[in-house]
S.K.: 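Starting off with a structure, shown below.
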Amino acid sequence: MRIELPHRSERFGAVRIHGVQEVWELDSGGEPASVDDNAWHSIHHVPSTTINDYERRMAIVVPVKGERLKVLDGVLSGIPHDCLIILVSNSERDPVDRYRMEKETLRRFCRLASRSAQLIHQRDPGIAAAFAEAGMPEILEDDGLVRDGKGEGMLIGLALAKLSGREFVGFIDADNYVPGAVYEYVQAYASGFHLAESPFSMVRISWRSKPKIQAGRLFFNRWGRSSQVTNRFLNLLLSSYSGFGTEIIATGNAGEHAFSLDLALRMQFAAGFAVEPYEYINVFERYGGVLASPDKDVMKAGVEIFQIETRNPHFHENKGADHVQEMRLQALNVLYHSPISVQDVRDEIADFLRQEGVIGEGEEPPQELLYPPMSGIDWDTFGRVLGDKSESFRQIEKVRPASLERQTPIPEIPDSESKG
Ligand code: GDP
Ligand code: CO
């Protein structure tokens with residue numbers, strides 16, 4: 001991939017936020033970078049062989065809730081071969097068992113493509129027990145199961161990525177219509193990690209366009225409404241500390257993003273759809289130098305955030321206006337209540353939410369649920385309980401028929417395929 005180097009970067013304590021970088025060439029060849037390649041300095045060649053090295057060390061988590069199977073199948077086809085696929089589903093099981101259909105789709109794909117994967121249902125009592133016994137009971141609801149929500153699905157995926165020994169984890173939504181976009185996101189994740197100088201890094205995707213049908217024509221929208229609002233307030237927070245106006249953050253709501261596990265396991269995540277914008281906020285809270293940081297090693301090495309603008313359009317399932325409203329609200333709620341938020345930002349958020357009719361006069365935005373970092377989890381216990389108690393967890397082995405070679409993502413956990 002040939003990729004622009006960031007023109008600008010801004011600092012917030014130990015966090016470096018790089019400005020949006022454009023992709024110049026989707027595949028820039030496998031030759032190692034030479035002096036010629038990077039002679040212009042502003043554009044960087046990341047060899048496909050280097051990208052592949054990162055893919056081997058990466059898990060891709062696909063959170064899914066009731067998406068169309070054809071679309072899901074397309075998403076799977078776009079995930080580069082050497083990434084481990086982790087499907088975390090919160091789809092309905094009754095009266096129609098959509099989880100079973102997703103399992104069949106994944107199995108068939110893996111068999112034909114000779115790949116390994118993992119899948120689990122979010123409301124499986126076994127995954128709940130694993131969290132409870134290994135030290136993170138906060139993720140459970142009163143009914144004793146893991147709460148509904150995209151953030152919770154991502155945390156399950158993160159735990160499985162950790163157990164599989166992968167070093168990087170990327171997230172890709174299951175409702176993406178363009179398999180080529182999925183492929184490009186993963187290449188961008190790998191390129192970002194390659195450019196990172198710190199082991200604590202995050203790569204977020206900014207899309208060039210989000211096509212919509214308007215008046216019977218295809219219109220390539222630059223930004224979604226919800227993104228505009230989230231980014232505006234995140235930038236406002238930065239400028240209230242630095243004293244300089246900024247537009248550096250363009251990916252507050254990015255559903256497509258990736259972390260080094262070294263970073264992800266130290267961070268706190270938010271519930272539901274507050275999850276993505278809160279990642280910025282939590283990194284600022286922990287490593288922004290405003291509050292005392294719990295992780296001295298991270299403060300020393302710094303955190304790097306890359307924002308990469310991909311070439312493919314972001315074309316996903318349209319879930320209607322209510323959903324956008326809800327997401328925007330949750331992003332602002334977490335910013336409002338953050339201990340690093342300042343009065344000016346709080347006032348502007350409250351004014352905005354009142355104007356939009358989301359909260360009434362004198363009302364405060366609601367608090368969102370925040371989870372502790374996963375660094376407190378006892379992973380041996382987690383794996384053992386998961387293996388013993390889960391009903392839906394499956395590991396699909398990579399099987400190469402001619403050589404009879406088999407690979408299981410987590411060999412220590414007994415082959416749950418035998419459960420059917
Ligand atoms: P948007 O694209 O950000 O507007 O949000 P979507 O509704 O498309 O959700 C993003 C992804 O998360 C999709 O793949 C959904 O199917 C999935 N998703 C939504 N809610 C949940 C949930 O509760 N659990 C899991 N595991 N996935 C979810
Ligand atoms: Co979507």
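Counting convention: from 1, in listed order, for ligands and their atoms alike. Residues: numbered from 1 along the sequence shown.
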S.K.: With a cut-off of 6.0 Å (strictly less than), are more than 12 heavy atoms of other residues, nucleotides or ligands near NZ of Lys150?
M.R.: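 Yes, the 6.0 Å shell around NZ holds more than 12 heavy atoms from other groups.
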S.K.: Please list, in number order, the atoms of ligand 1 under 4.0 Å from a heavy atom of Gln122.
M.R.: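 Heavy-atom distances to Gln122 below 4.0 Å select 22 (C), 24 (N), 25 (C), 26 (N).
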S.K.: Tell me, with the steps shown, if Phe233 and Phe352 meet ring-ring contact (aromatic ring centres under 6.0 Å, His included).
M.R.: CA-CA 10 Å; Phe233 284 105; Phe352 174 81; 5.7 Å; yes
S.K.: Over all heavy atoms of both residues, which pair between Asn231 and Thr251 is shortest? Give the atoms and the distance, please.
M.R.: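 Scanning both residues, the minimum pair turns out to be OD1-N, 3.6 Å.
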S.K.: Do the side chain of Ser341 and the main chain of His337 share a donor and acceptor less than 3.5 angstrom apart?
M.R.: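 Not a single qualifying donor-acceptor pair exists.
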S.K.: With heavy-atom distances below 4.0 Å as the criterion, list the atoms of ligand 1 near His316.
M.R.: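 Reading through ligand 1 atom by atom, the close ones are 1 (P), 2 (O), 4 (O).
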S.K.: Output the list of atoms in ligand 1 that are nearer than 4.0 Å to some heavy atom of Glu67, sorted by atom number.
M.R.: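 Listed by number with element, the hits are 13 (C), 14 (O), 15 (C), 16 (O).
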S.K.: Between the side chains of Tyr280 and Glu285, does any donor sit under 3.5 Å from an acceptor?
M.R.: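 Their side chains do not contain a donor-acceptor pair, so the 3.5 Å distance test is not met.
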S.K.: Please determine if the Co ion (ligand 2) has an N/O/S atom from Glu317 lying under 2.8 Å away.
M.R.: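 It does not: Glu317 brings no N, O or S atom closer than 2.8 Å to the Co ion (ligand 2).
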S.K.: Within the structure, is a non-hydrogen atom of Glu317 found at a distance of less than 4.0 Å from ligand 1?
M.R.: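 Per 4.0 Å heavy-atom rule, Glu317 does not contact ligand 1.
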S.K.: Could you pull out the atom name of the N/O/S atom in His316 that is nearest the Co ion (ligand 2)?
M.R.: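 The Co ion (ligand 2) is closest to the His316 atom ND1, counting only N, O or S.
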S.K.: Near Phe109 CZ, under 6.0 Å, is it more than 12 heavy atoms from other residues, nucleotides or ligands?
M.R.: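 Count over threshold, so yes.
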S.K.: Out of Glu256, Glu276, His121, Lys65, whose heavy atom sits nearest atom 21 (C) of ligand 1?
M.R.: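 Among Glu256, Glu276, His121, Lys65, the closest heavy atom to atom 21 (C) of ligand 1 belongs to Lys65.
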S.K.: In ligand 1, which numbered atoms sit nearer than 4.0 Å to a non-hydrogen atom of Val88?
M.R.: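 Near Val88, meaning under 4.0 Å from one of its heavy atoms, ligand 1 has 26 (N).
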S.K.: Can you find an N/O atom of Ser89 closer than 3.5 Å to an N/O atom of ligand 1?
M.R.: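 Looking only at distances, the answer is no, because the N/O contact criterion of under 3.5 Å is not met.
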S.K.: Decide whether an N or O pair under 3.5 Å exists between Asp148 and ligand 1.
M.R.: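 The answer is no, given that Asp148 and ligand 1 share no N or O pair closer than 3.5 Å.
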S.K.: Have Ser242 and Glu10 got a donor and an acceptor in their side chains that come within less than 3.5 Å?
M.R.: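 There is no such pair (donor and acceptor under 3.5 Å, judged by atom type) between the side chains of Ser242 and Glu10.
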S.K.: Is there a polar contact between ligand 1 and Ala174, counting only N or O atoms under 3.5 Å apart?
M.R.: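 Yes; the residue has a nitrogen or oxygen that sits under 3.5 Å from a nitrogen or oxygen of the ligand.
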S.K.: Is there a nitrogen or oxygen of Gly149 sitting under 3.5 Å from a nitrogen or oxygen of ligand 1?
M.R.: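 Yes - when backbone and side-chain N and O of Gly149 are compared with those of ligand 1, one distance drops under 3.5 Å.
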S.K.: Enumerate the atoms of ligand 1 whose separation from the nearest heavy atom of Phe273 is less than 4.0 angstrom.
M.R.: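 Close to Phe273: 5 (O), 7 (O), 9 (O).
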S.K.: Please tell me whether His314 and Tyr185 have a donor and an acceptor in their side chains that are separated by less than 3.5 angstrom.
M.R.: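 The answer is yes; a qualifying pair exists.
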S.K.: Between the Co ion (ligand 2) and Asp175, which N, O or S atom of the residue is the nearest one?
M.R.: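 Sorting the N, O and S atoms of Asp175 by distance to the Co ion (ligand 2) puts OD2 first.
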S.K.: Under 3.5 Å, is there a donor-acceptor pair linking the side chains of Tyr54 and Glu167?
M.R.: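 There is no such pair between these side chains.
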